Amino acid sequence: MGESLRIRTYILPLIFIHLSHLMSSAFGIPKSSTTFLLPKLQNLHLADRLRDDPSAIELALSDYGNIVKEIPAAVLYPASINDIASLIKFAASNNASVPFNIAARGQGHSVRGQAMARNGVVVNMNSLRNNRNGNGVKVVSSAAASSMGRWYADVGGEQLWEDVLNATLEHGLAPVSWTDYLHLTVGGTLSNAGISGQTFRYGPQISNVYEMDVITGKGDFVTCSPIKNTDVFYAVLGGLGQFGIIVGARIALQSAPKRVKWVRMLYNDFSAFAGDQEYLISINNGRDEQKHIEVDYLEGLLLMNHGPLDHWRTSFFPSKDHFRISSLITKYGIIYCLEIAKYYDDSTLNYSVDEELQVLFQMLSFVPGYTFEKDVSYAEFLTRVQIDQEQRVQSEGRQWDDVTLHPWLNLFLPKSHISEFNSGVLKDIVLKRNITTGLVLVYPMNRNKWDDRMSAVTPDEDVFYTVGFLHSSGFDSLEMLDVQNKDILQFCYNAGIKVKQYLPNHKTKTEWKNHFGIKWETFRERKAQFDPQMILSPGQRIFNNN
């Protein structure tokens with residue numbers, strides 16, 4: 001971290017790249033309105049790492065959502081950070097009549113084209129990872145570091161979280177905050193927030209970063225932290241890629257547990273379900289003076305007779321219990337599943353963890369007889385989503401790369417309206433329409449684990465819920481699910497529920513202003529400061545919308 005980066009400047013003649021061959025019917029999308037783009041790029045020193053062949057373009061014109069298609073002019077396969085900096089610096093100084101945008105693409109896990117750059121350049125961050133030769137994660141676990149309580153890992157922004165996990169576990173350490181799915185890049189999750197069932201306790205991933213290396217929209221290489229170049233640091237965290245590309249991060253680590261007690265409990269009453277969740281996160285938040293059993297992970301999900309049924313049948317619950325769980329779902333329509341985990345290691349005897357769980361169960365209000373447990377390794381627990389996905393694809397006889405659409409809707413919802421949301425959305429929209437395909441997650445977080453100086457936004461209440469409608473669909477059901485998503489948002493608007501979208505997708509500047517609220521002016525000023533040419537992340541459509 002903090003290594004000096006010398007960015008070379010090149011004076012280049014004007015050359016245009018003709019891209020009409022990329023607009024062929026092979027991609028199945030309309031021809032772009034502009035066919036001559038990106039002046040001078042062919043004479044850059046990194047021209048041999050700029051590709052416009054069909055295979056490169058095809059990778060960059062879609063994302064995990066498979067809903068939006070945007071054709072870039074070229075894809076950069078960087079061999080070093082210098083390549084990215086040179087490209088951005090060139091774009092920032094480009095005074096040609098047809099400027100171009102730049103978007104960093106890690107695993108392309110956005111769902112509405114946020115990592116795309118129509119007629120611009122997409123930076124394939126995987127190429128940078130490949131060129132690190134396995135040296136993208138450096139773990140610092142020295143006595144000096146531990147004495148300060150600051151074990152950390154210096155990680156390339158293009159590195160996958162699962163690679164960070166594997167490297168840190170070799171030292172008996174692990175990051176303190178995770179996403180549910182680890183096949184994502186460090187820079188990608190830090191540009192959003194990085195949330196999961198650990199967030200209530202440790203905060204999002206953006207709250208667990210000591211330092212970053214960033215290439216701004218001016219092409220400047222900046223090492224930033226809470227005490228150095230703080231304006232860049234807080235702008236980029238949760239900044240949706242608008243201010244810079246994260247090329248390195250110093251991630252907070254802690255001692256890694258060995259094992260996990262993983263438990264699911266079923267509820268037929270939403271008030272009991274929400275009340276137990278809020279109670280459990282209040283214990284870990286230090287709001288309860290009495291000594292109670294703490295949990296390390298907490299999430300909630302819905303079980304219904306459509307879509308999610310397949311998910312629970314093929315993953316956690318024993319097959320011998322499928323019939324009685326299904327009967328419970330049929331009786332009540334929606335069953336609420338509380339999922340918790342307690343970590344332990346060799347110094348914590350297994351039976352003591354079991355005893356703690358038994359005490360905890362007595363304090364909760366789930367349906368008697370409907371608790372289910374697993375005992376797994378820490379690594380197995382953290383990689384559970386990827387393992388489950390692979391098993392499901394194989395069981396359904398599908399290929400991993402089959403085209404599936406993901407019209408996701410992720411919301412942050414104030415606690416004061418969660419019961420209203422349950423009755424008005426989960427029951428009156430989701431249950432009655434019975435078209436939801438995929439997981440529906442519902443679980444609370446503590447707002448004091450978030451830092452308001454960062455760009456990420458949350459509801460203005462001490463406790464708020466994340467509600468994720470993680471749909472999987474075909475083209476035939478896409479329109480229905482999109483309509484349902486719009487109706488959910490309309491219900492919130494009509495009811496005065498001030499939701500915030502996570503992984504936001506807004507179409508107008510007015511919508512973006514409402515999204516950022518009191519942070520809008522700061523967000524706009526940061527854009528003018530760090531990316532004045534508005535080069536970066538055009539797919540978010542924040543500053544380049546109509």
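Keep in mind it's a predicted model, so treat the numbers as computed, not measured.
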Mind running side chain to side chain contact (heavy atoms under 4.5 Å, CB included) on Leu165 and Leu382 for me, showing each step along the way? CA-CA 9 Å; Leu165 172 65; Leu382 291 179; 3.7 Å; yes
Please determine, by modelled atom types, if [X] and [Y] share a side-chain donor-acceptor pair under 3.5 angstrom.
X: Gln107; Y: Asn126; value: yes
X: Gln277; Y: Tyr267; value: no
X: Thr189; Y: Trp161; value: yes
X: Glu299; Y: Thr466; value: no

Pairs under 3.5 angstrom only: tabulate donor-acceptor contacts from the side chains of residues 229-247 to other protein residues two or more places apart or in another chain.
| residue | atom | partner | partner atom | Å |
| --- | --- | --- | --- | --- |
| Asn229 | ND2 | Thr223 | O | 2.8 |
| Asp231 | OD2 | Gln529 | NE2 | 3.1 |
| Tyr234 | OH | Arg453 | NH1 | 3.2 |
| Tyr234 | OH | Arg453 | NH2 | 3.2 |
| Gln242 | OE1 | Lys527 | NZ | 2.9 |
| Gln242 | NE2 | Ser537 | O | 3.0 |

How would you list all residue pairs meeting salt bridge (Lys or Arg N to Asp or Glu O under 4.0 Å) that involve residues 182-191, not counting sequence neighbours?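 For residues 182-191, and leaving out neighbouring residues, there are no salt bridge (Lys or Arg N to Asp or Glu O under 4.0 Å) pairs at all.
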Check whether Tyr210 forms a cation-pi arrangement with Arg150 (NZ or CZ under 6.0 Å from the six-membered ring centre, at most 45° off the ring normal).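 Yes; both conditions hold, so Arg150 lies above the ring face of Tyr210.
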Taking only residues two or more places apart in sequence, or in another chain, which ones meet Glu170 in a side-chain contact (heavy atoms from CB on, under 4.5 Å)?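 Once residues adjacent in sequence are excluded, Glu170 has no partner under the side-chain contact (heavy atoms from CB on, under 4.5 Å) criterion.
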Table please: side-chain donor-acceptor pairs of residues 249-257 below 3.5 Å, with sequence neighbours left out.
| residue | atom | partner | partner atom | Å |
| --- | --- | --- | --- | --- |
| Arg250 | NE | Asp154 | OD1 | 2.7 |
| Arg250 | NH2 | Asp154 | OD2 | 3.0 |

Output, in order, the C-alpha distance, side-chain angles, deciding distance and verdict of side chain to side chain contact (heavy atoms under 4.5 Å, CB included) for Val123 and Ile102. CA-CA 7 Å; Val123 179; Ile102 297 171; 3.7 Å; yes
Which residue, Tyr202, Phe200, Phe412, forms the ring pair (Phe, Tyr, Trp, His ring centres under 6.0 Å) with Trp450?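 The option that passes is Phe412.
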At what distance, to the nearest 0.5 angstrom, does CG of Leu411 lie from OH of Tyr465?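 Going from CG on Leu411 over to OH on Tyr465, the span is 14.5 Å.
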Going by side chain to side chain donor-acceptor pair (under 3.5 Å), name the pairs with one or both residues in residues 496-505, residues two or more places apart or in two chains.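 As it turns out, the side chain to side chain donor-acceptor pair (under 3.5 Å) pairs with a partner in residues 496-505, which skip direct neighbours, are Asn505-Arg541.
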By salt bridge (charged side-chain N to carboxylate O under 4.0 Å, His left out) - contacts of Asp269 (at least two apart):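 Checked Asp269 against salt bridge (charged side-chain N to carboxylate O under 4.0 Å, His left out); zero matches.
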I'd like to know if Glu278 and Lys415 make a salt bridge, using a cut-off of under 4.0 Å between side-chain N and carboxylate O.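 Looking at Glu278 and Lys415, the cut-off is met.
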